[in-house]
Amino acid sequence: MKIWLIVVSLALAACRSAPAAAPAAPMPSSTATAVPAEGVSTPTAAPITVETLAPVAEAPVTVNAEIAEINTLLATLYDGQPFRGAVLVAQEGKVIHRKGYGLADAERGIPNTPETRFRLGSVTKPITALAVLLLAQEGRVKLDASVCVYLAGCPSAWQPITLDYLLTHRSGIPDLTRFPDFEATKAQPSTPLETLARFAGKPLDFAPGARWDYSNSNYIVLGIIVEQVSGQAYETVIQERIFTPLGMLNSGYDHNLDTLAVGYRPDGSPADFLHMSIPFAAGGLYSTVDDLYKLDRALVQGTLLPEALAAAMFSIHAPFGPRAPQGGYGYGWMIVEQPAGWMVGHNGGIEGFSAGIWRTVSPPSSPAAGEQRESRTEDVLVISLSNEERRDPNIVAREIIALLAEQN
């Protein structure tokens, strides 16, 4: 699994692990129907109550002269190579560009479209964080409580780790994607509890709360907590509480079926095989640009979370550090300062796929030290989903937002 380690730079490169050495294989995937994950334990707690929400309206498309310039930009985006995937651009809630690029399946000649399903990689994390905040809203968890209150068999060394530390990558739990044996084992199925056992007994990398360090293991633990607290499989909670109420009908948990785009390396060869039981709540979901637009609008409009929790989700809780750009990590989201102003979003990278969702915002109320820059464009959303791995999605967002800023 190349749920790539986040490299926080001006481009904020996608989360990834070391290059894979396993034989190449096509990247099949799953349907949007919720299917219990392999080997998920059956907790006894009562299930979460499902609240019926009005689905977010389909994305309206406004055609304008900016489309040609965006197409020209994407045609040579990566050192002269074209973007491959689907892109949606919206401004103040109006979709101004929505298009697929290149082939979803080169062997069968199937093109990418806005309806094409792509693996999200670490763009799964904001959705997992949202599930945790929904539990907090119902009083089922407390973000400042120890993880050991909710996790059966919790290691004693994890007692100081709070849910807040897991959500913001301040736990000190080592990232399993950095383990020496990860590449050799990524094609083998693993239940969430089996995956947990791979790092639960390892020493912490640092004292909980001491600093920020991105770790996929944090969100695997959060996914297990969602299961143990709710009494339902992680993917069932995500489907019933988020995807279905918002009308995200082309989103779900990937079970290595064949309803997604085929994943490729940048040279066009098929990506390595990854058993999708491994990424779990850190990177196991798939979606479309249209569905992620619905999620973004629901968060902006306050459909899912009360104002206080939504504000906490998009606030900086963990500054990145002196060698990183201005900004930090919220609850499942990155809040960063870019040349065009402040942005909130997340990237994802996984075998065969790259993903990004970024929106311009006002400067955060409590940013890291430094001069604040007002955004030159208001509420600009860029969603880019690609079926090529190791393609920086931040370049898509940065360049499109800069293009719109020049035109305003």
Side-chain angles (χ1 to χ4, degrees), residues 12 53-67 69-70 73-74 86-99 114 123 126-127 129-130 242 246-248 287-316 325-347 355-367 372-385 393-408:
L12 287 176
L53 302 174
V56 176
E58 293 291 335
V61 179
T62 301
V63 178
N64 57 44
E66 295 159 340
I67 290 179
E69 294 190 51
I70 293 174
L73 170 69
L74 295 178
V87 170
L88 183 148
V89 183
Q91 188 164 13
E92 297 181 352
K94 296 180 180 179
V95 176
I96 62 174
H97 187 66
R98 173 181 172 273
K99 186 177 179 180
V123 176
I127 300 171
L130 177 56
I242 301 172
L246 295 182
M248 297 174 64
S287 191
T288 67
V289 293
D290 287 345
D291 276 6
L292 290 181
Y293 170 84
K294 295 176 183 179
L295 176 65
D296 174 81
R297 289 299 92 187
L299 291 171
V300 170
Q301 296 165 6
T303 303
L304 289 172
L305 289 175
E307 184 177 352
L309 274 179
M313 187 179 214
F314 296 117
S315 295
I316 294 175
Q326 180 83 347
Y329 209 87
Y331 290 150
W333 294 94
M334 306 178 90
I335 303 96
V336 298
E337 189 178 23
Q338 295 282 286
W342 283 89
M343 300 168 61
V344 60
H346 211 288
N347 296 329
I357 176 171
W358 289 94
R359 175 166 42 85
T360 58
V361 294
S362 299
S365 57
S366 300
Q372 294 183 358
R373 181 186 294 114
E374 294 288 347
S375 294
R376 289 186 285 157
T377 49
E378 293 297 328
D379 189 19
V380 175
L381 171 70
V382 179
I383 301 170
S384 61
L385 302 179
N394 297 289
I395 297 177
V396 181
R398 186 179 66 233
E399 296 298 326
I400 290 177
I401 289 171
L403 176 64
L404 295 178
E406 291 173 1
Q407 297 175 345
N408 288 341

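- Met343 pairs with exactly one of Val380, Ile335, Thr360, Leu381 by the side chain to side chain contact (heavy atoms under 4.5 Å, CB included) rule, that one being Thr360.
- Here the rule is side chain to side chain contact (heavy atoms under 4.5 Å, CB included) with Leu295, and of Thr303, Ile383, Ile127 only Ile127 fits it.
- Here the shortest heavy-atom pairing between Trp342 and Gln326 reads CH2-CG, 3.3 Å.
- Nearest approach of Leu385 to Gly356, heavy atoms of both residues: CD2-N, 4.5 Å.
- In this structure Val123 satisfies the side-chain contact (heavy atoms from CB on, under 4.5 Å) test together with Leu120, Ala355, Ile357, sequence neighbours excluded.
- Ring planes of Trp333 and Phe314: tilted class, angle from 30 to 60°.
- Nearest heavy atom pair, residue Lys294 against residue Gly247, reads NZ-O, 2.8 Å.
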Legend entry - Evaluation steps, side chain to side chain contact (heavy atoms under 4.5 Å, CB included), between Arg359 and Asp296: CA-CA 9 Å; Arg359 175 166 42 85; Asp296 174 81; 2.8 Å; yes
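- Taking Thr288 as the reference, nothing meets the side-chain hydrogen bond (donor to acceptor under 3.5 Å, both in side chains) condition, with sequence neighbours excluded.
- Here the side chains of Arg98 and Asp290 are in contact, with some heavy-atom distance below 4.5 Å.
- Between Asp379 and Lys94 no salt bridge is recorded (no basic side-chain N to carboxylate O distance below 4.0 Å).
- For the pairing with Val382, the side chain to side chain contact (heavy atoms under 4.5 Å, CB included) check across Ile400, Ile70, Leu404, Leu88 returns one residue only, Ile400.
- Using modelled atom types, one side-chain atom of Tyr293 and one backbone atom of Gly93 make a donor-acceptor pair closer than 3.5 Å.
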Legend entry - Test log, rule side chain to side chain contact (heavy atoms under 4.5 Å, CB included), inputs Val396 and Leu74: CA-CA 8 Å; Val396 181; Leu74 295 178; 4.2 Å; yes
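- Applying the side-chain contact (heavy atoms from CB on, under 4.5 Å) criterion to Leu305, with sequence neighbours excluded, gives Leu130, Leu133, Leu134, Gln137, Leu309, Ala310, Met313.
- When all heavy atoms are compared, the tightest approach of Pro114 to Ala86 is CA-CB, 4.3 Å.
- In this structure, CE on Met334 lies 10.5 Å from CD1 on Ile316, to the nearest 0.5 angstrom.
- For the residue pair Gly332 and His346, the shortest heavy atom distance occurs at O-CD2, 3.2 Å.
- Note that CG of Asn394 and CD1 of Ile401 are 10.0 Å apart. Values are rounded to the nearest 0.5 Å.
- Rounding to the nearest 0.5 angstrom, the gap separating the OG atom in Ser384 from the CG atom in Asn347 is 7.5 Å.
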